[in-house]
Amino acid sequence: MAALAIALKRRVVIPQSVEVGQSNEANPFENFVRSLRDDQHRVAVLEGRVENVLRRLSALELRSPKRLIGKVMTRKQVDSLLETSYRLRALAPPPPPRSPRKLPER
């Protein structure tokens, strides 16, 4: 859902920047460029924060309790949380491909 909101914001940024550029007659193009740059930066920061949340959520590791004293949650609750974490991990964008390593020459 966050990705959809970010994509929508990226499409709305240009018309909003045009409006800001036209609001000040002194230098509309400079205002347009500044507004566009600022909005793109805010969207990029937001996108990074959302990716960070997804990455942190996908890194959570849970296990079922084995001792009676350690049972704060039931096994079913832990399994449900594990299933949710796997679904969240599936939402994360794939990692960028790694470049092949060169082996040292002998």
Side-chain angles (χ1 to χ4, degrees):
M1 188 178 276
L4 180 61
I6 289 171
L8 181 62
K9 177 63 179 171
R10 285 192 189 278
R11 291 181 186 198
V12 171
V13 164
I14 293 178
Q16 286 177 338
S17 297
V18 168
E19 184 179 347
V20 168
Q22 291 174 345
S23 68
N24 186 350
E25 297 296 325
N27 194 343
F29 182 72
E30 186 177 303
N31 291 334
F32 166 75
V33 171
R34 185 180 336 102
S35 176
L36 186 60
R37 188 177 331 121
D38 292 346
D39 283 341
Q40 286 179 337
H41 175 72
R42 281 193 294 270
V43 169
V45 168
L46 177 63
E47 193 171 32
R49 290 174 61 197
V50 168
E51 286 179 11
N52 186 32
V53 166
L54 288 175
R55 188 175 15 266
R56 288 174 51 203
L57 283 173
S58 70
L60 289 177
E61 293 182 18
L62 300 174
R63 62 177 177 79
S64 297
K66 295 193 179 356
R67 301 180 314 182
L68 181 60
I69 223 162
K71 286 192 177 188
V72 178
M73 301 174 72
T74 66
R75 186 176 299 270
K76 185 177 180 179
Q77 290 170 322
V78 172
D79 290 341
S80 174
L81 282 172
L82 282 170
E83 182 182 330
T84 302
S85 72
Y86 294 139
R87 281 189 262 147
L88 285 171
R89 190 172 294 148
L91 292 175
R98 292 184 177 180
S99 59
R101 288 187 186 179
K102 283 188 171 182
L103 294 175
E105 294 183 25
R106 292 183 184 189

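Worth saying up front: this structure is predicted, and the values here are computed from it rather than measured. One is the number of the first residue; the rest follow in order along the sequence.
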Main-chain N/O of Ser80 paired to Thr84 side chain as donor or acceptor, under 3.5 Å: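 Checking the backbone N and O of Ser80 against the side chain of Thr84, a donor-acceptor pair under 3.5 Å is found.
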
Which atom pairs, one a donor and one an acceptor, fall under 3.5 Å between side chains of residues 44-55 and the rest of the protein, sequence neighbours left out?
unit_1: Glu47; atom_1: OE1; unit_2: Arg10; atom_2: NH2; d: 2.6

Spacing of His41 atom NE2 and Asp38 atom CG [to the nearest 0.5 Å]: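 So the NE2 of His41 and the CG of Asp38 are separated by 8.5 Å.
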
Listed partners of Arg34 passing salt bridge (Lys or Arg N to Asp or Glu O under 4.0 Å), at least two apart: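 Arg34 satisfies salt bridge (Lys or Arg N to Asp or Glu O under 4.0 Å) with Glu30 once adjacent residues are dropped.
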
same_hphob_cluster(Ile14, Val33) at 4.5 Å side-chain heavy-atom cutoff: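 As far as the 4.5 Å side-chain criterion goes, Val33 and Ile14 are connected within one cluster.
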
hydrophobic_cluster_shared for Tyr86 and Leu81, side chain cutoff 4.5 Å: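 Result: yes, single cluster for both.
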
side-chain hydrogen bond (donor to acceptor under 3.5 Å, both in side chains) involving Arg87 - partner list, sequence neighbours excluded: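 side-chain hydrogen bond (donor to acceptor under 3.5 Å, both in side chains) check on Arg87 returns Glu83.
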
Gln40: partners by side-chain hydrogen bond (donor to acceptor under 3.5 Å, both in side chains), with sequence neighbours left out: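 With neighbours one apart ignored, the set is empty.
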
